[in-house]
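One-based numbering along the sequence shown.
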Amino acid sequence: MQGLTHTPANPWRTWYDAAQRETIDHAIRTLYAELDAAVAERRPVCNASGRCCRFDEYGHRLYVTGLEIAWFLSGVHGREMVRLDGSQDVAQRGFPLRQFDLNPQPRFQTPHCPYQVKGLCRTHTIRPLGCRVFFCERGTEAWQQETTERFLDRLKQMHVEQNLPYAYMEWRAGLAEASRELGDLL
């Protein structure tokens, strides 16, 4: 896509600062809400097995943008969680998400997502694009691919419009790098 800026040596602070801006926060929430609606129209079945988060075991990877990771981390670590519809995010057993220990740092090298706890996603409402569109149900691959590409193009366009660097990376490696580069901001 033309217009994407080259990624500076350390773009994490740029992405993290951008994720704090109301315009970016709103744009990502809107994009994710529209993606969720598009996925819901397909009526995929999720049996909550947690397989989608056990990357190594099932031979797949989650790829995300640096801005998505920064927005995700600012949500986990920097502010009270709010659902995409504006209501407060409540995790398992009715506790606010911010009360859970969600620091993935010691668990980056695990074969699964560091935010999966006992087979459940502890950050479900702020999960990235790839998590929102992936279902292991057979026969869903074609629409998943088309939907991913369509919404990823919109995410890339957001980078262009906001003059932000763009990078696409594996989830766990990106979380590890962001944690190192952002350090005490998290």
query: Salt-bridged, Asp25 to Arg29, with N to O below 4.0 Å?
result: yes

message: Is the shortest side-chain heavy-atom distance between Arg21 and Ile24 below 4.5 Å?
response: yes

- prompt: How long is the gap from CD on Gln162 to CD on Gln157, to the nearest 0.5 Å?
  reply: 10.5 Å

task: Quick one: list whatever passes salt bridge (Lys or Arg N to Asp or Glu O under 4.0 Å) with Glu146, sequence neighbours left out.
output: Arg150

Heavy-atom closest pair, residues Glu177 and Trp12: OE2-NE1, 2.7 Å

- request: May I ask you to test the Thr65-Leu152 pair for a side-chain heavy-atom distance under 4.5 Å?
  value: yes

- prompt: Which atoms form the tightest heavy-atom contact between Ser74 and Gln20, and what is the distance?
  reply: CB-NE2, 2.8 Å

message: Is the shortest side-chain heavy-atom distance between Leu175 and Pro114 below 4.5 Å?
response: yes

- request: Mark yes or no for whether Glu170, through its side chain, and Arg172, through its backbone, hold a donor-acceptor pair below 3.5 Å.
  value: yes

Residues that Tyr58 engages under side-chain contact (heavy atoms from CB on, under 4.5 Å), provided they are two or more places apart: Arg51, Arg54, His60

query: Is Tyr166 reachable from Met158 through a run of hydrophobic residues whose side-chain heavy atoms are each under 4.5 Å from the next?
result: yes

- prompt: Got Lys156 and Val160 here, is their nearest side-chain heavy-atom distance under 4.5 Å?
  reply: no

message: On a heavy-atom basis, which atom in Ala18 and which in Leu164 lie closest, and how many Å separate them?
response: CB-CD2, 3.8 Å

- request: Take Cys131 and Leu62, measure what side-chain contact (heavy atoms from CB on, under 4.5 Å) needs, and give me the verdict at the end.
  value: CA-CA 7 Å; Cys131 294; Leu62 171 62; 3.4 Å; yes

query: Honestly curious: do Phe151 and Ile69 fall in one hydrophobic cluster under the side-chain, below-4.5 Å linking rule?
result: yes

message: So Val64 and Tyr168, do their side chains get closer than 4.5 Å, heavy atoms only?
response: no

query: Any idea which heavy atoms bring Thr125 and Arg132 closest together, and the distance?
result: O-NH2, 2.8 Å

query: Run the side-chain contact (heavy atoms from CB on, under 4.5 Å) check on Arg154 and Leu129 step by step: do they pass?
result: CA-CA 11 Å; Arg154 288 181 53 193; Leu129 187 150; over 6 Å; no

statement: Output for pair (His26 NE2, Ile28 CD1), nearest 0.5 Å, gives 11.5 Å

Connected via hydrophobic side-chain network under 4.5 Å: Tyr63 and Leu31: yes

field: Whether Trp171 and Tyr115 hold their rings parallel, tilted or perpendicular, with breakpoints at 30° and 60°
entry: tilted

query: Is a side-chain donor or acceptor of Arg42 paired with a backbone partner of Val39 at a separation under 3.5 angstrom?
result: no

query: So, the side chain of Thr148 versus the backbone of Gln144: is there a donor-acceptor pair under 3.5 Å, distance only?
result: yes

4.5 Å side-chain heavy-atom contact, Arg13 and Glu181: no

field: Any residue meeting side-chain contact (heavy atoms from CB on, under 4.5 Å) with Ala70, in chain and number order, not counting sequence neighbours
entry: Trp15, Tyr16, Ala19

task: Taking atom types as modelled, find out whether Tyr32 and Glu68 have a side-chain donor-acceptor pair closer than 3.5 angstrom.
output: yes

Closest heavy-atom pair and its distance - Ile126, Gly75: CD1-C, 4.2 Å

